[in-house]
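Chain letters run A, B, ... following the sequence lines, proteins first and then strands; every chain starts at 1. Keep in mind it's a predicted model, so treat the numbers as computed, not measured. Values reported hereafter were calculated over all heavy atoms of this structure, with side chains retained and with hydrogens, waters and symmetry mates removed.
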Amino acid sequence: MAAARPVRVRIAPSPTGDPHVGTAYIALFNYVFARKTGGKFVLRIEDTDQTRARADSEGMIFDALRWVGLTWDEGPDVGGPHAPYRQSERRQHYVDHAKLLLESGAAYRCFCTEDRLAKLRVQQQAEKRTSGYDRQCRGLDPAAGRDRAAGGEAHVVRLKMPLEGPITFKDQLRGEVVRQATEFQDQVLLKSDGLPTYHLANVVDDHLMEISHVIRAEEWISTTGIHVVLYAAFGWEPPEFIHMPLLRNPDKDKTKISKRKNPVSINYYRDSGYLPQALLNFLGTMGWSFGGDREKFTLAEMIEAFAWERVSLGAPVFDLKKLTWLNEQYIHEMSLDELAERFIAWRLNKDYLVKLLPLAQKRIKKLDELIPLTEYFFSGDLDYTPLHAEMGVPEVTPVDVSKALLAFVERFEAREGWSTEMIEQEMTAWTEAVGWKVSHAKGLIRVAVTGRKSSPELSAVMAALGKEISRRRLRKAAEYIASGGKAKQ
RNA sequence: GGCCCCAUAGUCUAGCGGUUAGGACGUCGCCCUCUCACGGCGAAAACAAGGGUUCAAGUCCCUUUGGGGUCACCA
C-alpha cells in the first residue's frame, strides 16, 4: 500500500430502473467516509448497457439521493474536474485504454460469434465441464486481428487473464482474498458495440477519477480479481477495496434484496411516508453500529463516530418493522411546525391535490366529502379483511387469482414511465389475457388498489397514486388472496 | 455444482480470552389512562455442531453444517 492519497470515493449506479435502496445504502457509506476524512464523494453514472438503460432512471436517482440527503461533490449534473461523469460520454477513454492493452499484449480481439459462444455453453453444460469462453481467439496473431477489425469484422476485446497462479487482493474488511487464475475467464472488456463492460469502464474511470477507495457491495468481490489484473496490466496502483455486506430480503427468503419480493425503490419509502433521516439512520444500522447502545443517530453523528472497525460482515435483513419504529421516533420528537412541513412536502400539497381533484370533483357536493372519498390516496398498505368477499373471481382458485394479479404487476416492470395511458394499455391487455369478465378483472384490481368496491377510473387512480404504491398494493393483495385471507396486514 | 464471503434470540446488533452474554425492533404481560396511542416496568427468546489451542473460548485454529454471493458482449 502506498502513501495515503487524498480520499476520493464514488457511488456508481446504473440507470436501469428505480432508484434502489441498495444504492442509498452504499452511497451512505461512501458519503460518510468522504465526510469523515475530508475527501470527495463522486457520483458517476454507469450507463454502458444501452439495452438496459432507461431514460427516466438517471433523474430519479439524482432526486432520490438528494431526498435522503446524500449530496455529491462531483457528478453529471454538478460537474467537476474529471467530467464527464456519465460513462456513455466517456467512450473514447475506454477505446483508447483498450487499445493500450491490445498493444501491450494484455488483451486480444475475439471474433467468436454469440452463436458459437451459445453452442459452446450448451456443449460444456452437457459434458458437465466448467463453463466459460474457451479462449479460441487468444492465440490469434495480433496483426491479423487488427486487419480483420480494420476490415469491419465484428469483435470484442478480451482481457488476457494469467493462466495459472494465485490472484489476490486485499479487502479492507476481510483481509487477503485469494483465488486461482484458473477460475477466471478471459473477460470481455469492450463489447462489439464499442462500449466497455463494467470491468473496463470501472477500472479506467476509477483510475482517471483518482478514486482512492472502492466501497461497494459484496456481490463484486468475486470479480475484483479481474480488476486487479486490469490495474496491473495498465501499470496502475489499485485503490483500496471495501466490500459492504449485501442487504437481504426478510422472511424465509434471505437472498439479496430484490424488487420482486420487496419494495426496493427509494421512492416507495418516500411515498409511503418514511422520513429521509429515518431511512438513512436505518441504513446506517445495517452492517454498522454506532457503538454503545446507540441506535438512533443523525448523519452528522454517524460521520463523527464512523470507523470501519465497526462494520460487521453478516448480511443484514432489511426489516421494515425496525425502520418503521425509527421513523416513529423521528415523528414523535419533531416540532409541530416541522411535522406540518413534512406532511405538506409529502401529500398535503397542491401538486398532489391537482392529481386527485379531476377524479373527485364530479363526485362531491361539498368540500367536506373529499377526504373520506379519497382516503386511500393518503394511505400506505390497505386492510383487505373487510373486502375478503370481493377478492375472488368465480370459477378461479385463489392461487390463480393471486398469480394473475402478480402477472399484472409484472407487466410494468419492463416499462418506462407511469401514466394513465400506459396503465390503461397494460390493463386492457391483461384483462384480455386473463379472459375473465371485465367487471371481475377490473373489480379485483380496484379492490387491491383502493380497498373499495367503487372508485374513479382505475388507470387514473393508479397514475395518481404513483407506481410504487400501486405496485405494492397489488402485491399485497396477491399475497392476501394466496394466503386465503390470512396474510398479515 | 466449482470458487469466494459470512455465521450471537424471529430481526438489527454489542462483545475484540475471564461477562449472571448487553442493547434495540418485534412478541407477550403489567402499570398509567375517559378511549386509542405515547410512555413506564417486566417476561420469554441467542453464542449452528464437533474437534483442537489455553489455567480459561461467543471470542483464536481446523472440520462439518447452514446461509449468501458469483460463475454474461448486465451492472
What does B/G50 pair with, Watson-Crick or G-U, if both distances are under 3.5 Å?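 Pair assignment: B/G50 / B/C62.
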Carboxylate-amine/guanidinium contact [X] [Y], below 4.0 Å:
{"X": "A/Lys160", "Y": "A/Asp186", "answer": "no"}
{"X": "A/Glu413", "Y": "A/Arg411", "answer": "no"}
{"X": "A/Arg473", "Y": "A/Asp381", "answer": "no"}
{"X": "A/Glu210", "Y": "A/Arg8", "answer": "no"}
{"X": "A/Glu74", "Y": "A/Lys40", "answer": "no"}

Flag side-chain contact, heavy atom, 4.5 Å: [X] against [Y]:
{"X": "A/Cys110", "Y": "A/His155", "value": "no"}
{"X": "A/Leu195", "Y": "A/Arg91", "value": "yes"}
{"X": "A/Leu43", "Y": "A/Tyr85", "value": "no"}

Expressed in angstrom and rounded to an integer, what is the separation of [X] atom [atom1] from [N] atom [atom2]?
{"X": "A/Met244", "N": "B/C12", "atom1": "CE", "atom2": "P", "result": "14 Å"}
{"X": "A/Leu117", "N": "B/A72", "atom1": "CG", "atom2": "C1'", "result": "9 Å"}
{"X": "A/Lys170", "N": "B/C4", "atom1": "NZ", "atom2": "P", "result": "20 Å"}

Nucleic acid contacts - residues 46-56 of chain A versus RNA chain B, non-hydrogen atoms under 4.0 Å: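 By residue number: A/Glu46, A/Thr48, A/Asp49, A/Arg52.
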Let's see if you get this right: which residues in residues 191-219 of chain A place a heavy atom under 4.0 Å from RNA chain B?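 Heavy-atom cutoff 4.0 Å gives A/Lys191, A/Ser192, A/Pro196, A/Thr197, A/Tyr198, A/Glu218, A/Glu219.
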What nucleic acid atoms does [X] come within less than 4.0 Å of, heavy atoms only: base, sugar-phosphate, or nothing?
{"X": "A/Lys256", "result": "sugar-phosphate"}
{"X": "A/Thr324", "result": "nothing"}
{"X": "A/His332", "result": "sugar-phosphate"}
{"X": "A/Arg248", "result": "sugar-phosphate"}
{"X": "A/Gln180", "result": "nothing"}
{"X": "A/Val156", "result": "base"}
{"X": "A/Gly291", "result": "nothing"}
{"X": "A/Glu295", "result": "base"}

Span that lies between the [atom1] atom of [M] and that of [N], in whole angstrom:
{"N": "B/U8", "M": "B/C47", "atom1": "P", "answer": "11 Å"}
{"N": "B/G26", "M": "B/A49", "atom1": "C1'", "answer": "28 Å"}
{"N": "B/A21", "M": "B/A9", "atom1": "C1'", "answer": "11 Å"}
{"N": "B/A37", "M": "B/C30", "atom1": "P", "answer": "14 Å"}
{"N": "B/A44", "M": "B/U11", "atom1": "C1'", "answer": "16 Å"}
{"N": "B/G66", "M": "B/U19", "atom1": "P", "answer": "32 Å"}
{"N": "B/G68", "M": "B/U54", "atom1": "C1'", "answer": "33 Å"}

Reckon [X] has a side-chain N or O less than 4.0 Å from the OP1 or OP2 of [N]?
{"X": "A/Lys254", "N": "B/U11", "answer": "yes"}
{"X": "A/Lys321", "N": "B/C12", "answer": "no"}
{"X": "A/Arg310", "N": "B/G15", "answer": "yes"}
{"X": "A/Thr223", "N": "B/U70", "answer": "no"}

Closest to the A/Pro316 side chain: B/G69, B/C5, B/U13?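 Looking only at heavy atoms from C-beta outward on A/Pro316, the closest nucleotide is B/U13.
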Between A/Phe234 and A/His97, ring centroids under 6.0 Å: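 Here the rings of A/His97 and A/Phe234 have centres that are less than 6.0 Å from each other.
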Show me the donor-acceptor pairs within less than 3.5 Å that the side chains of residues 17-27 of chain A make with the rest of the protein, sequence neighbours left out.
residue: A/Asp18; atom: OD2; partner: A/Arg471; partner atom: NH2; Å: 3.0
residue: A/His20; atom: ND1; partner: A/Gly22; partner atom: N; Å: 2.8
residue: A/Tyr25; atom: OH; partner: A/Met286; partner atom: O; Å: 2.9

